[in-house]
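Notes for the one structure printed next.
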Amino acid sequence: VSITAVPSEVLDNADRIPALAQALGINTDDLKSYLEQRADRDFAYLRRQMSPDAAQAVLDLGVPGVNGQREYKRYYPSGEVTAHVLGFTNIDDHGQEGLELAFDSWLAGKKGAKRVIRDRMGHIVEDVEQVRAPQPGQNLTLSIDRRIQFLAYSELKKQLDDVDADSGEMVVLDVRTGEILAMVSLPTYNPNAVTGTTGGQRRNRAVTDVVEPGSTMKPFTLAAALSSGKFTPTSPLIDTGNGHFMYYGHDIHDDSANGVLTPTGVLTKSSNVGAAKIAIQLDTQYLYDSYRAFGFGDSTGSGFPGESAGFLKVGHTWRPLEKAIVAYGYGMNLTPLQLANAYATLADDGVMHPPTFIKDGDNPGKQIVSPQIAHELVTMLETVTAPGGTATRAQIANYSVA
């Protein structure tokens, strides 16, 4: 309940101001000064959103011109688990962050108005007429699955604690629809108690922050290679030698010597040398266009406030070394959401769906690479988690993991 006043009426009963100030928890002189500055107004807030019991204690004083007004305040049951997705509203219930901000006008509705007769205490004694009918806000059903969201949050938090990391993000997509099933960013905050939080806590890093993708970029270099017709999963063979490749004065190197590899082997062993040598053999503009097709260097169109487009230098300006190192994920940056969406494209037969937070929305996809190329890449990526690959800890019994 918010306490309101007709300032001139309260000032006409100045002897009641000390008791009123005490009940409001405000300094008497400050309250009097506040009322005097607004003496020509018919309405002023004295205190917003008090608890019902505390507000009733104020109203029980019976100070002329002082009234109570019921207001509503958002409460977020999932608290910090969904904080970065939902965001929060201000005291007037307008969205300030996250989907609260993105869909503020959709959710808000419009207030109605009616003409009434009040008594000298401000109580409504008669409704005269309705001037404008209220319009309720629209419903909004999110794609977020609270079970997956909670698991993502708890597992990410545990991992950050285990490795003593400063921050982390996780994105889970339904590859058939582009619906975002979970999105977690740490550190987080409690949207029910925003006061005192920092921008770093409130920032949804999965959408606003960019990183160099590193080796996670290699499948998209291979996607371009396979689509060009110059490469297959097994040919031509690529000699990565002793794990070092001097190129324009720069040592492109692997963690170990892998010798001769197939294109599949380049992914299995996560070879920087192999990825660079493949990229060198592809037309520069073609390779750049392939990366752009997967959404790198452009916003995903999720509609989330503050979403970053990442950075991918225009292809015709690439120097030979830049072309080689972009092939294994350096000299560029992207958001975790962009990267998840690109992988979801491979998983859905090469069809990219714009990521969305809305459940069951109309979200048609676009063919980025052929289904055959997508299938080949998924099979190639399964070798990464198989024995001899670089991500064997990602194996899950009875599942194929790519």
Side-chain angles (χ1 to χ4, degrees), residues 1-77 79-80 83 86-98 100-101 104 107-132 134 136-137 188-202:
V1 177
S2 290
I3 302 298
T4 68
V6 180
S8 59
E9 290 189 30
V10 180
L11 290 169
D12 287 343
N13 296 269
D15 59 316
R16 308 290 300 277
I17 292 179
L20 176 62
Q22 183 177 2
L24 289 169
I26 302 173
N27 178 274
T28 299
D29 291 339
D30 290 343
L31 176 58
K32 188 174 181 181
S33 175
Y34 175 85
L35 292 168
E36 289 172 344
Q37 292 171 14
R38 293 160 178 80
D40 58 343
R41 299 183 188 178
D42 293 329
F43 177 92
Y45 282 112
L46 297 185
R47 186 167 169 191
R48 299 290 297 274
Q49 296 187 356
M50 297 182 73
S51 70
D53 289 344
Q56 191 58 50
V58 175
L59 298 175
D60 287 346
L61 294 174
V63 178
V66 175
N67 304 292
Q69 177 178 305
R70 172 174 283 189
E71 293 193 297
Y72 294 88
K73 181 180 180 181
R74 277 280 202 275
Y75 175 71
Y76 302 94
E80 59 186 24
L86 297 184
F88 57 90
T89 59
N90 63 12
I91 197 168
D92 292 313
D93 214 25
H94 292 302
Q96 301 298 294
E97 299 274 3
E100 288 279 26
L101 174 59
D104 187 56
L107 294 165
K110 296 181 180 179
K111 291 182 179 180
K114 62 183 179 180
R115 186 169 288 111
V116 301
I117 295 174
R118 294 179 185 266
D119 63 17
R120 60 184 294 272
M121 299 298 293
H123 302 135
I124 296 175
V125 296
E126 183 181 349
D127 287 342
V128 177
E129 63 176 325
Q130 179 170 280
V131 177
R132 183 176 63 252
T188 186
Y189 67 99
N190 182 356
N192 298 306
V194 177
T195 303
T197 59
T198 65
Q201 290 175 285
R202 298 193 301 270

Report task. Under the side-chain contact (heavy atoms from CB on, under 4.5 Å) rule, what do F88 and E97 come out as? Steps first, then yes or no, please. Result -> CA-CA 6 Å; F88 57 90; E97 299 274 3; 3.2 Å; yes

Query - L35 vs L46, side-chain contact (heavy atoms from CB on, under 4.5 Å): CA-CA, chis, key distance, verdict - result: CA-CA 9 Å; L35 292 168; L46 297 185; 3.9 Å; yes

Query raised in the report: Step by step, would you call R132 with K110 a side-chain contact (heavy atoms from CB on, under 4.5 Å)?
Result: CA-CA 10 Å; R132 183 176 63 252; K110 296 181 180 179; 6.0 Å; no

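Within the 3.5 Å criterion, the main-chain N or O of Y189 finds no donor-acceptor partner in the side chain of R202. Using a distance-only test at 3.5 Å, with no hydrogens or angles considered, a donor-acceptor pair links the side chain of N192 to the main chain of Y76. Using modelled atom types, one side-chain atom of S2 and one backbone atom of Q49 make a donor-acceptor pair closer than 3.5 Å.
Contacts classified as salt bridge (Lys or Arg N to Asp or Glu O under 4.0 Å) and involving residues 37-59 (residues at least two apart or in different chains) are given here: R48-E71, R48-D92. Within the structure, every pair that satisfies the side chain to side chain donor-acceptor pair (under 3.5 Å) test and touches residues 19-36, not counting sequence neighbours, is listed here: S33-Q37.
Atoms CD1 and CD1, on I26 and I17 in that order, are 11.0 Å from each other to the nearest 0.5 Å.
Between L20 and V66, the closest heavy-atom pair is CD2-CG2, 3.9 Å. For the residue pair P18 and D15, the shortest heavy atom distance occurs at CD-O, 3.6 Å. Here the closest non-hydrogen pair linking P191 and G87 is CB-O, 3.8 Å. Here the closest heavy-atom approach between residue G95 and residue L101 is recorded as O-CD1, 3.4 Å. Contact record, A39 with L11: CB-CD1, 4.0 Å, taken as the closest heavy-atom pair. Here the closest heavy-atom approach between residue D93 and residue T89 is recorded as OD1-OG1, 3.2 Å.
Remark: the N13 side chain and the E9 side chain contain no N/O donor-acceptor pair separated by less than 3.5 Å.
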